[in-house]
Engineer: 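Dropping the structure in here first, questions after.
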Amino acid sequence: MDQGEHKPVYAKVNYHVFGIAAIACFLFFIPLILMQNAAQGVINQIMYVITHTTDWFFQVVVFGCLVFLAWLAFSRYGKVKLGGPDDKPEFSTFTWVAMMFCGGTGAGIVYWSTVEPIYYLQSPPFWIEPFSPQAAQYALSYGIFHWGFSAWATFALPAVVFAYIYYVRKRPVLTVSYACRGVIGNLADGWLGKLIDAIVVIGLVGGMATALGFIVPMLSTISADYLGIDETLIFKMLVLLAITAVYSWSAYHGLKGGIAKLADFNMYLMFVLLAFVFLVGPTSFMLSLFADNIGVLIHDFVRMSFYTDPITKSGFPQSWTVFYWAWWIAWSMYIGLFGARISKGRTIRAVIFNMLFSTTAACMLFYLIFGGYQVDAILNQGLPVSDILTNQGGPAVVSWFLNALPLKAAVIPFFVFVMVIATATGTDAASFTLANMTCVEVKDGVEPPRWTRLFWAGMICLASAAILLVGGMDVIQLSSVLTAVPILPVMVILAISLVKWLREDFGDIQPLTLDKYSEDHNK
């Protein structure tokens, strides 16, 4: 420790959790690679059963997270400072929000804000006629709904819980099992705790693989079209390896050395890209459509939150909302742990407001600009974008979109570069968080061993390769849905544990900070 100022100090690995999670990931994803054709049919059946029997559970838990956070933020507990009296935020507000946003969206927001509105025009919810003016009212609003307040509520809940444990109770433990201690007690130290941690790790690997399962085909299609070459499976794998190399480098260099710098850089590049499309696109129509869709979202928010369509069984809420909620829940512990680690010195209220409002506002910009551009192309310009989606898939739509822009020779390489950085920013944060979760303790200022960060970076690459080899949206969705189901009750347990601890620590008084715990406190 005397050399801590000169050499990094690394946390001790929890080999039980690490081993269980690693073996389970291998057992889940290796068969997908070995039995690609046989796996597809089984995956389709499992996906249908899970989404149509647990749809209500996902929706109740996600909406419950939003209600709970609203209560917490406006209660007296919202003033609680996540740290001691003298603790200051480690990062500027811009960097803090940038890291949160990039970690929680990556390049996925770019892909889906470009493609998703077309799906809603083709097959709108609530039995609306396709490509009608009514369908256009949901083209942006449903995408913003899926990427907005409800999504970030699933991230903010664990973020507040983990930050409270780490910076208020001063327990250097970044594991989900410890966060459940308020309900399961000492069982958190036994096999149940290890099982919970392993399940969460597996869910995160599946969630990240889901993201790369969309992003890699997009980047490979755009790059192949630009270079004038065939998009082969080998080319896709080369794109995946290139992204893996970037995020592995960043994860290896740690929180401040890699991730924070990438997040700042990525946000500036994103703003440049958004501004360019906004100026060269149908600006007035974008703003008008956005305002109309926001009105619909506000009016129908509760309806959209509980829409299951049990009578006609259109499958819309299961294929979209349930999938998204499962994807976010699979990510929730990762964003929660990552968000907690970077929120020292903030108040509970600040964490909730920024995670719900700042990040949602950023997501709205993408749907306003990229989504609005697509709706104009289809409904006002009569361009065959919908046919491209149906016949060639989402990546081809993004490639068409870029080729339709002015200065495409410069815009396309810039876009690919930004997407690689965005993907790397989110995925290296995930690798870093996975390494934290498989350590016994991670004290403030201490990081997980570098080899564990690289291992989980490689595991995410392996899982993504498995998904790409099997192919199809169903396998991508299943990787999130299947791993998210066990995490649903954990979300409820986290909320109960937090309330219990807040009442124990603060009772009827209202201090802004609490300084009665020390790092060796075992409560």
Engineer: Is there a side-chain contact between Tyr226 and Leu402 (heavy atoms, below 4.5 Å)?
Structural biologist: no
Engineer: Start with the C-alpha gap between Trp320 and Tyr119, add the side-chain angles, then the distance that decides, and say whether ring pair (Phe, Tyr, Trp, His ring centres under 6.0 Å) holds.
Structural biologist: CA-CA 10 Å; Trp320 289 106; Tyr119 280 111; 5.2 Å; yes
Engineer: Check this for me: Asn391, atom CG, are more than 12 non-hydrogen atoms of other residues, nucleotides or ligands nearer than 6.0 Å?
Structural biologist: yes
Engineer: How about Ile234: does its CD1 atom have over 12 heavy atoms from other parts shown lying under 6.0 Å from it?
Structural biologist: no
Engineer: Check whether any side-chain N or O of Asn293 sits under 3.5 Å from a backbone N or O of Ala136 as a donor-acceptor pair, and report yes or no.
Structural biologist: yes
Engineer: Quiz question: by atom type and distance under 3.5 Å, do the side chains of Asp309 and Ser314 form a donor-acceptor pair?
Structural biologist: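 A pair is found: one side chain offers a donor N or O, the other an acceptor, under 3.5 Å apart.
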Engineer: Look at the side chain of Ser223 and the backbone N and O of Ser220, then say whether any donor-acceptor pair between them is shorter than 3.5 Å.
Structural biologist: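 No: the side chain of Ser223 does not pair with the backbone of Ser220.
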Engineer: Using 0.5 Å steps for rounding, measure from the CD1 atom of Ile199 to the CE atom of Met333.
Structural biologist: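 Between Ile199 CD1 and Met333 CE, I get 11.0 Å after rounding to 0.5 Å.
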Engineer: Out of curiosity, Thr433 OG1 to Trp331 CH2, how far, rounded to the nearest 0.5 Å?
Structural biologist: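 That separation rounds to 11.0 Å.
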Engineer: Measure up the Phe301 and Phe63 rings against each other and bin them: parallel (under 30°), tilted (30 to 60°), perpendicular (over 60°).
Structural biologist: tilted
Engineer: For the side chain of Trp328 and the backbone of His146, is there at least one donor-acceptor N/O pair under 3.5 Å apart?
Structural biologist: yes
Engineer: Do Leu269 and Phe417 have side-chain heavy atoms sitting under 4.5 Å apart?
Structural biologist: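 Side-chain contact under 4.5 Å: yes.
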Engineer: Measuring from Leu356:CG to Leu66:CG, what's the distance to the nearest 0.5 Å?
Structural biologist: 6.0 Å
Engineer: Looking at the rings of Phe414 and Phe276, which for Trp means the six-membered one, are their centres under 6.0 Å apart?
Structural biologist: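 When the ring centroids of Phe414 and Phe276 are compared, they turn out to be at least 6.0 Å apart.
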Engineer: Taking all non-hydrogen atoms of both residues, which atom of Pro158 and which atom of Leu494 are closest, and how far apart?
Structural biologist: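 For Pro158 versus Leu494, the nearest heavy atoms are CB-CD1, 3.9 Å.
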Engineer: Which atom names give the shortest non-hydrogen contact between Leu379 and Phe131, and what distance separates them?
Structural biologist: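 The answer is CD2-O, 3.9 Å.
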Engineer: Would you give me the side-chain donor-acceptor pairs under 3.5 Å for residues 369-378, sequence neighbours excluded?
Structural biologist:
unit_1 : atom_1 : unit_2 : atom_2 : d
Gln374 : NE2    : Thr114 : O      : 3.3
Asp376 : OD1    : Asn380 : ND2    : 2.9
Asp376 : OD2    : Gln381 : NE2    : 3.4

Engineer: State whether the side chain of Trp127 and the backbone N or O of Pro124 hold a donor-acceptor pair below 3.5 Å, judged by distance alone.
Structural biologist: no
Engineer: Donor-acceptor pair, distance only, cut-off 3.5 Å: does the side chain of Gln59 make one with the backbone of Tyr307?
Structural biologist: yes
Engineer: Roughly how far, to the nearest 0.5 Å, is CG of Leu219 from CD of Glu231?
Structural biologist: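 That separation rounds to 10.0 Å.
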Engineer: For a quick test of your reading: what N or O donor-acceptor pairs under 3.5 Å do the side chains of residues 283-291 make, sequence neighbours left out?
Structural biologist:
unit_1 : atom_1 : unit_2 : atom_2 : d
Thr283 : OG1    : Phe278 : O      : 2.5
Thr283 : OG1    : Gly281 : O      : 3.4

Engineer: Could you check whether any side-chain N or O of Ser123 sits under 3.5 Å from a backbone N or O of Tyr120, counting only pairs where one atom can act as donor and the other as acceptor?
Structural biologist: no
Engineer: Can you tell which of Tyr142, Tyr111, Tyr324 makes a side chain to side chain donor-acceptor pair (under 3.5 Å) with Glu116?
Structural biologist: Tyr324
Engineer: Main chain of Met355, side chain of Ser358: is a donor-acceptor contact present, judged purely on distance under 3.5 Å?
Structural biologist: no
Engineer: Do Phe145 and Thr321 make a side-chain contact, defined as non-hydrogen atoms from C-beta onward lying under 4.5 Å apart?
Structural biologist: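 Phe145 vs Thr321: side chains touch.
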Engineer: Under 3.5 Å, side chain of Gln318 to main-chain N/O of Thr308, donor-acceptor pair present?
Structural biologist: yes
Engineer: To the nearest 0.5 Å, tell me how far Thr232 OG1 sits from Met237 CE.
Structural biologist: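 If I round to the nearest 0.5 Å, the distance is 10.0 Å.
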Engineer: Sub-3.5 Å donor-acceptor pair from the side chain of Ser332 to the main-chain atoms of Ile329, do we have one?
Structural biologist: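 At least one qualifying donor-acceptor pair exists.
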Engineer: Please tell me whether Phe58 and Trp327 form a close aromatic pair, meaning their ring centres lie under 6.0 Å apart.
Structural biologist: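 No, the ring of Phe58 stays outside the 6.0 Å limit from the ring of Trp327, centre to centre.
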